[in-house]
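The structure appears below as structure tokens.
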Amino acid sequence: MPDKNTTPRSSTRIAKEPIIARRVWVLTPNAKRAEMALAAIHAAGHEARTSESGSDLAPQLREWRPDIIIIDMQDAPDRGRHVVAQLRADRATRQLPAYLVGMGNGEEALKTEKAVTGPTRRYVEPLDTPSVLDAVLNEL
């Protein structure tokens with residue numbers, strides 16, 4: 001029988017299958033952040049899609065309805081606020097939870113706080129911060 005102290009441990013975590021697989025839409029103009037988010041979401045057992053801008057989002061939401069949408073605000077906070085306003089204006093997406101990531105702490109974050117209504121989560125740190133992805137995945 002091998003000694004417990006000498007048996008090497010695996011450094012690979014095996015992801016548990018979620019009780020309910022969620023559908024997540026990631027809206028970011030940054031391909032690297034999109035790829036990283038999609039990989040983490042898929043590894044957690046959920047479905048995910050991505051788009052670069054909000055202009056192509058509305059027709060796609062009719063075909064594939066997500067449970068939440070993650071909006072990367074880091075590169076274009078005005079665009080992110082505009083997308084959330086569009087979601088809230090449409091009766092079909094008014095209650096869709098939006099996770100706003102990469103808001104920062106400055107003036108743009110204050111504008112977002114005032115402008116965004118409805119079910120939202122706000123994250124100061126960018127999407128590619130592991131703690132943000134972990135927080136989002138834990139809420140799914």
Side-chain angles (χ1 to χ4, degrees):
M1 186 162 136
D3 183 15
K4 289 182 183 177
N5 296 329
T6 60
T7 306
R9 294 179 142 216
S10 172
S11 63
T12 305
R13 283 183 56 191
I14 298 173
K16 293 180 182 179
E17 283 292 318
I19 295 172
I20 299 172
R22 302 286 185 194
R23 290 177 152 200
V24 181
W25 200 289
V26 180
L27 178 65
T28 178
N30 185 292
K32 181 182 173 189
R33 286 194 295 265
E35 184 178 318
M36 189 181 75
L38 290 177
I41 293 165
H42 287 141
H46 303 286
E47 296 178 55
R49 291 194 182 176
T50 186
S51 59
E52 292 181 9
S53 72
S55 62
D56 60 348
L57 186 61
Q60 293 178 29
L61 286 176
R62 288 185 195 95
E63 296 173 19
W64 193 81
R65 174 70 182 206
D67 296 305
I68 69 163
I69 183 168
I70 299 171
I71 302 172
D72 182 4
M73 307 273 291
Q74 185 174 353
D75 298 326
D78 287 338
R79 189 174 349 157
R81 283 192 297 273
H82 180 70
V83 168
V84 175
Q86 285 180 320
L87 291 172
R88 298 301 178 243
D90 186 345
R91 175 176 249 151
T93 58
R94 185 170 293 150
Q95 294 301 316
L96 179 64
Y99 290 24
L100 310 178
V101 297
M103 287 179 44
N105 284 323
E107 188 176 318
E108 291 297 327
L110 291 174
K111 285 182 188 176
T112 301
E113 286 292 328
K114 291 177 183 176
V116 174
T117 62
T120 57
R121 294 267 193 262
R122 295 164 176 89
Y123 295 95
V124 172
E125 298 295 322
L127 181 59
D128 51 1
T129 304
S131 62
V132 171
L133 275 175
D134 286 346
V136 169
L137 292 174
N138 285 333
E139 290 186 34
L140 296 177

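Neither L96 nor I70 shares a network with the other; the hydrophobic side chains, linked directly or stepwise wherever heavy atoms of I, L, V, M, F, W or Y lie under 4.5 Å apart, form separate groups for each. One hydrophobic cluster, built from ILVMFWY side chains closer than 4.5 Å, cannot hold both V26 and L100; they sit in different ones. Cluster membership check: Y123 shares its hydrophobic cluster with M36, using side-chain heavy-atom separations under 4.5 Å among Ile, Leu, Val, Met, Phe, Trp and Tyr. The hydrophobic cluster containing I69 does not contain L38, counting ILVMFWY residues as joined when their side-chain heavy atoms lie under 4.5 angstrom apart, directly or transitively.
With sequence neighbours excluded, the residues that form a side-chain hydrogen bond (donor to acceptor under 3.5 Å, both in side chains) with D75 are R33. Evaluation of the salt bridge (charged side-chain N to carboxylate O under 4.0 Å, His left out) rule for E47 yields R23 as partners, not counting sequence neighbours. For E139, the salt bridge (charged side-chain N to carboxylate O under 4.0 Å, His left out) criterion is met by R121, not counting sequence neighbours. Qualifying side-chain contact (heavy atoms from CB on, under 4.5 Å) partners for R49, counting only residues two or more places apart in sequence or in other chains: W25, W64. With sequence neighbours excluded, no residue forms a side-chain hydrogen bond (donor to acceptor under 3.5 Å, both in side chains) with R94.
More than 12 heavy atoms of other shown residues, nucleotides or ligands fall within 6.0 angstrom of atom CD in Q86.
No side-chain heavy atom of V24 sits less than 4.5 Å from a side-chain heavy atom of P66. Looking only at side-chain heavy atoms (C-beta outward), R65 and T93 come within less than 4.5 Å of each other.
Listed for the R122 side chain is no donor-acceptor partner under 3.5 Å among the backbone atoms of G102. Although no hydrogens or angles enter the test, the distance criterion places no donor-acceptor pair under 3.5 Å between the side chain of T28 and the main chain of A34. Checking side-chain atoms of H46 against main-chain N and O of R22 turns up a donor-acceptor pair under 3.5 Å.
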Listing, residues 126-134 side-chain donor-acceptor contacts under 3.5 Å, not counting sequence neighbours, or none:
residue: T129; atom: OG1; partner: P126; partner atom: O; Å: 3.1

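Between A21 and G45, the shortest heavy-atom contact is CB-O, 3.5 Å. Closest approach of P29 and R79 over heavy atoms only: CB-NH1, 3.9 Å. Closest heavy-atom contact between S51 and L27: OG-CD1, 3.3 Å.
For residues 77-107, the set of pairs meeting the ring-ring contact (aromatic ring centres under 6.0 Å, His included) definition, not counting sequence neighbours, is empty.
Taking CZ of R88 as the start and CD of Q95 as the end, the distance is 7.0 Å to the nearest 0.5 Å. Taking CD1 from I41 and OG1 from T50, the interatomic distance works out to 8.5 Å, rounded to the nearest 0.5 Å.
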